[in-house]
Asks: 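Before anything else, here's the structure in question.
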Amino acid sequence: MQEKIIILDFGSQTTQLIGRRVRELNMYCEIVPYNKFPHDDPSVIGVILSGSPFSVYDEKAFKVDLSGIRGKYPLLGICYGAQFMAYVNGGTVESADSREYGRARLEKVDSTDPLLAGIEPGAQVWMSHGDTITSLPTGFKIIASTDHVPVAAYRAEGEKVWGVQFHPEVYHSECGMQILKNFVAGICGGKQDWSAASFIESTVRSLKEQLGDDKVVLGLSGGVDSSVAAVLLNKAIGSNLTCIFVDHGMLRKNEFANVMRDYEGLGLNVIGVDASAEFFKELEGVTEPERKRKIIGKGFIDVFDREAHKLKDVKWLGQGTIYPDCIESLSITGTVIKSHHNVGGLPEKMNLKLCEPLRLLFKDEVRAVGRELGMPEHLISRHPFPGPGLAVRILGDITPEKVRILQDADDIFIQGLRDHGLYDKVWQAGVILLPVQSVGVMGDERTYERAVALRAVTSTDAMTADWAHLPYEFLAEVSNKIINKVRGVNRVTYDISSKPPATIEWE
Ligand code: XMP
C-alpha cells in the first residue's frame with residue numbers, strides 16, 4: 001500500500017506548492033478540500049493543514065472539526081492552519097498592525113524539537129499573513145520566533161501537533177524543505193519511496209489489471225501529458241492502444257509531421273488525421289475568441305469520435321489529465337477567465353470509460369516519468385501549447401494565409417530561442433498576429449503590412465507569469481529575421497505584460 005500524507009486545503013494559493021514540495025521529498029501526498037478528510041483510508045500517515053485567504057474571524061472562514069484527526073495522525077498547520085488550531089483550542093489570534101509579508105529570520109529555535117531538527121537560528125523563512133497568534137492555548141509552547149512574530153512555530157506538548165506561521169513550502173523559505181522533511185519522514189515515519197520508477201512499475205501493473213484485453217483509444221496533442229500517458233499505456237497494453245492525432249490546421253510549422261515521426265519512433269500505434277480543411281471552413285469569419293475555442297473543441301470531438309468509431313470494440317478513452325486538473329479547488333471567486341477545457345465533452349459523447357493514468361501527478365513528475373520511460377528530451381521539455389493552437393494567437397478571423405504567416409514567424413522565434421540556449425529558460429513562447437497594419441519602408445518601396453508581437457514568459461504553473469527578460473541583441477536578431485523572411489510582416493513588437501493583469505495568450 002502506498003503510504004500518503006493528506007493536505008487539507010483551506011484555499012491558499014500555495015496549497016498545490018505544499019503538495020509538490022512533499023512529492024519532491026519522494027513522499028506521496030494528496031490534496032483534499034478541508035472538509036473531505038478520508039477517514040477510512042488506512043494509508044494516511046500524517047496531515048498538513050494549508051493556509052487560507054481568510055482570517056479565522058471571517059464569517060466565511062473554512063472551519064473543520066479536527067477531533068477525528070488530532071491524536072490519530074501527526075498534524076502540521078501552516079499559516080492559517082496554525083492559526084486555526086491555536087484559535088479553536090483557546091489561543092488568541094489578532095490582526096497584526098501591519099501585514100507580515102516577506103523575509104524573516106528564525107530565532108530562539110528549539111532544535112531539540114523534532115520539527116526543527118537541524119534548523120539553526122538565523123534560518124530564513126517567508127511570512128505572508130495579516131493575522132498573528134498572540135497567545136497560545138494551554139499546553140502549547142513556542143518553539144521558534146522571529147523579530148516581529150513571537151509565535152513563529154509552536155507545538156502542543158505531549159502531542160504530535162505543530163504549527164508554523166511562515167510558509168515552509170515557498171522557495172524563499174531556505175529551511176522549508178528541512179522542516180517538511182522533518183515532518184513527513186522524522187515525525188510521520190514516511191519511507192520516501194515515491195519515485196518515477198516506482199510510479200511506472202505500479203501503474204503499469206494496475207493498468208494491466210484494470211484493462212485486461214480491452215481496447216483503448218487516446219487523443220494525442222503533441223504535448224507532454226498526452227504523450228507520456230500514451231507511452232505508459234503502450235507499455236501496459238501494447239497494440240490494444242490506438243492513438244489519434246488530429247491536425248486542426250493551427251499547429252506550429254511542420255509540427256504534425258515532426259510529432260508523428262516522434263510517436264512512430266516510440267512504437268505507438270498512431271492514426272494521424274489531417275482535418276485542417278474542415279476546421280478552416282467552420283472558423284471562416286469567426287472573430288470572437290470564446291467562439292473560436294468552442295468551434296475547435298467541438299470540431300476536435302467530432303473528428304475524434306468519427307475516427308474512433310472506425311475502430312472495433314473500443315471500451316476506454318485514455319486521457320493525459322494531470323493532478324492540477326483534478327484537484328477539487330476551493331475557488332473563492334469562481335470566475336472563469338477563459339474556457340481551457342476544450343474537450344471536456346468527449347467522454348460523455350463517446351460513452352466510453354475513462355482511463356487517466358497520470359491523474360495523480362504534477363507536471364514535473366509527468367516529465368520525470370517521461371524521462372524514465374526513455375522518451376526524447378525535446379518531447380518532454382516542450383513548452384505548453386494551447387489546444388486551439390494558433391487560432392488564439394491570430395487576433396480576429398482566421399485564414400490559411402494568416403496561419404502561414406504566423407507559422408513562419410513563430411518558427412523563427414522558437415528556433416532562435418533554441419539556437420541561443422534560451423528555450424529551456426522560458427516557460428512558454430510564441431508569436432501573436434495582430435489585427436493591425438502599419439506603414440513601413442523596404443528598399444525604395446513603401447509597405448503597408450502586418451505587425452506581430454513576440455511573447456515569452458517565465459512561470460512555474462501558468463497561474464502567474466512574468467515577461468521573460470530576453471537579451472536585446474537576441475530580440476533584434478529575431479525581429480530582423482522575421483521582417484526579412486516572412487512575407488506580409490513589417491513590424492515586430494515585444495509583449496512586456498505580466499500575468500496578472502494580462503494573460504499569457506492574447507485571446
Ligand atoms: P492564459 O492565457 O490563460 O494561459 O494565461 C495559461 C496557460 O493555458 C494555456 N491556454 C490554453 N490551453 N486550451 C488549452 O489547452 C486553451 O483554450 C487555452 N488557452 C490558454 C496557455 O497557452 C498557457 O499555457
Side-chain angles (χ1 to χ4, degrees), residues 13 16 218-229 245-252 255 259 279 282-283 286-301 303-304 319-327 329 331 333-346 356 358 362-364 366-367 380-395 398 406 410 413-414 417 423-434 453-468 495-507:
Q13 285 191 349
Q16 279 202 33
L218 178 142
L220 288 167
S221 69
V224 188
D225 304 341
S226 62
S227 307
V228 173
F245 182 23
V246 178
D247 182 0
H248 53 34
M250 275 142 290
L251 298 174
R252 292 194 138 117
E255 181 159 27
V259 174
F279 281 87
E282 287 293 321
L283 285 165
V286 177
T287 54
E288 212 268 308
E290 286 300 286
R291 261 201 78 209
K292 288 186 195 172
R293 279 195 167 78
K294 296 240 156 69
I295 289 172
I296 295 180
K298 180 175 176 304
F300 179 86
I301 291 175
V303 175
F304 190 88
Q319 279 194 336
T321 320
I322 68 170
Y323 198 39
D325 308 328
C326 306
I327 297 174
S329 91
S331 166
T333 57
T335 336
V336 175
I337 314 266
K338 294 179 191 179
S339 53
H340 286 190
H341 292 279
N342 316 92
V343 291
L346 200 51
E356 301 176 312
L358 308 179
F362 287 107
K363 193 88 178 179
D364 335 358
V366 173
R367 294 203 161 107
I380 304 280
S381 55
R382 306 185 107 194
H383 290 167
F385 187 66
L390 301 181
V392 292
R393 294 184 183 167
I394 295 174
L395 274 60
I398 294 162
L406 186 53
D410 178 80
F413 186 33
I414 299 297
L417 287 167
Y423 185 86
D424 292 328
K425 299 206 164 86
V426 302
W427 165 267
Q428 183 169 4
V431 180
I432 294 96
L433 187 65
L434 305 180
L454 309 180
R455 180 78 162 137
V457 297
T458 53
S459 178
T460 48
D461 53 11
M463 300 292 288
T464 60
D466 194 10
W467 59 278
D495 180 352
I496 53 168
S497 331
S498 61
K499 172 182 179 176
T503 49
I504 296 176
E505 304 295 347
W506 278 42
E507 284 200 336

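Just follow the structure's listing: the first ligand is 1, and inside any ligand the first atom is 1.
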Asks: Before signing off on this row, confirm whether Trp427 and ligand 1 have an N or O atom pair separated by under 3.5 Å.
Replies: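 No; every N/O pair is 3.5 Å or more apart.
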
Asks: One pair to check against side-chain contact (heavy atoms from CB on, under 4.5 Å): Leu390 and Phe385. What are the steps and the verdict?
Replies: CA-CA 9 Å; Leu390 301 181; Phe385 187 66; 4.0 Å; yes

Asks: With sequence neighbours left out, write down each residue that passes side chain to side chain donor-acceptor pair (under 3.5 Å) with Ser226, or none if nothing qualifies.
Replies: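 Ser226: side chain to side chain donor-acceptor pair (under 3.5 Å) contacts with Ser221.
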
Asks: Short list, please: which atoms of ligand 1 are under 4.0 Å from a heavy atom of Lys499?
Replies: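 Once the distances to Lys499 are compared, the set is 1 (P), 3 (O), 5 (O), 6 (C).
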
Asks: Could an N or O of ligand 1 be found under 3.5 Å from any N or O of Ile504, whether backbone or side chain?
Replies: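 In this structure, Ile504 places an N or O atom under 3.5 Å from an N or O of ligand 1.
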
Asks: Who pairs with Asp364 by salt bridge (charged side-chain N to carboxylate O under 4.0 Å, His left out), at least two apart in sequence or on another chain?
Replies: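 Asp364: salt bridge (charged side-chain N to carboxylate O under 4.0 Å, His left out) contacts with Arg20.
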
Asks: Any N/O of Gly387 closer than 3.5 Å to an N/O of ligand 1?
Replies: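 N/O-N/O distance under 3.5 Å: yes.
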
Asks: What's the spacing between Ile432 CD1 and Leu454 CG if we round to 0.5 Å?
Replies: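 With rounding to 0.5 Å, CD1 (Ile432) is 8.0 Å from CG (Leu454).
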
Asks: Any idea which part of Glu505 is under 4.0 Å from ligand 1, heavy-atom wise: side chain, backbone, both or neither?
Replies: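 Both the backbone and the side chain of Glu505 come within reach of ligand 1.
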
Asks: Which of the numbered atoms in ligand 1 are under 4.0 angstrom from any heavy atom belonging to Thr503?
Replies: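 Reading through ligand 1 atom by atom, the close ones are 1 (P), 2 (O), 5 (O).
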
Asks: For Gln428, run the side chain to side chain donor-acceptor pair (under 3.5 Å) check against Glu505, Arg455, Arg382 and tell me which one passes.
Replies: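 Going through Glu505, Arg455, Arg382 one by one, the side chain to side chain donor-acceptor pair (under 3.5 Å) with Gln428 is satisfied by Glu505 alone.
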
